[in-house]
Amino acid sequence: MATIEEISGQGTPAFAKQLQAMADEQLMAQQFVQQGAVHALSTLLKIGCTESNVVDMLTSLRQNAQQIRNEAERRGKPNLFVSDQMAFN
């Protein structure tokens, strides 16, 4: 069974504990992250999970991520990720 990496990588009980310890802002950010992943995977199921569709979606997401990094830099805010976290190249 394929799973998405959890925050701790140690299973659901550890994940729940980490969520409970998060500041409100971190918890809100996790909602965005999780819903983004849910949306992306459900879109793939809807349009067909082909390599071409995945590459197109990944390209779009990476362009958006770069725009977010650029805006954070423009505002003088830190970037959480200097580059995209790619498991597939």
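- Atom CE of residue Met57 and atom CZ of residue Arg62 lie 14.5 Å apart, to the nearest 0.5 angstrom.
- In this structure, Glu73 does not pair ionically with Arg69, as no charged nitrogen and carboxylate oxygen lie closer than 4.0 Å.
- With rounding to the nearest 0.5 Å, the separation of NZ in Lys77 from CD1 in Ile68 is 16.0 Å.
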**OP:** Might you work through the side chain to side chain contact (heavy atoms under 4.5 Å, CB included) test for Glu71 and Arg75, ending with a clear yes or no?
**Re:** CA-CA 6 Å; Glu71 180 61 19; Arg75 294 182 187 194; 2.8 Å; yes
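- With side-chain heavy atoms closer than 4.5 Å counting as contact, directly or through intermediates, the hydrophobic cluster containing Leu80 also holds Phe81.
- To the nearest 0.5 Å, the span separating CG on Leu19 from CD on Gln30 amounts to 6.5 Å.
- In this structure, the side chain of Gln34 does not engage the main chain of Phe32 through any donor-acceptor pair within 3.5 Å.
- How far CG of Leu44 is from NE2 of His39: 10.0 Å, rounded to the nearest 0.5 Å.
- Distance check, rounded to the nearest 0.5 Å: CD of Gln66 to CG of Leu61 gives 13.5 Å.
- The nearest pair of heavy atoms linking Pro78 to Ala72 is O-CB, 4.1 Å.
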Listing, residues 21-28 side-chain donor-acceptor contacts under 3.5 Å, not counting sequence neighbours, or none:
unit_1 : atom_1 : unit_2 : atom_2 : d
Gln26  : OE1    : Ala23  : N      : 2.9

Below 3.5 Å, can you tabulate the donor-acceptor pairs from side chains in residues 48-55 to any protein atom, sequence neighbours excluded?
unit_1 : atom_1 : unit_2 : atom_2 : d
Thr50  : OG1    : Asn53  : N      : 3.1
Thr50  : OG1    : Asn53  : ND2    : 3.3
Asn53  : ND2    : Ile47  : O      : 3.4
Asn53  : ND2    : Gly48  : O      : 2.7

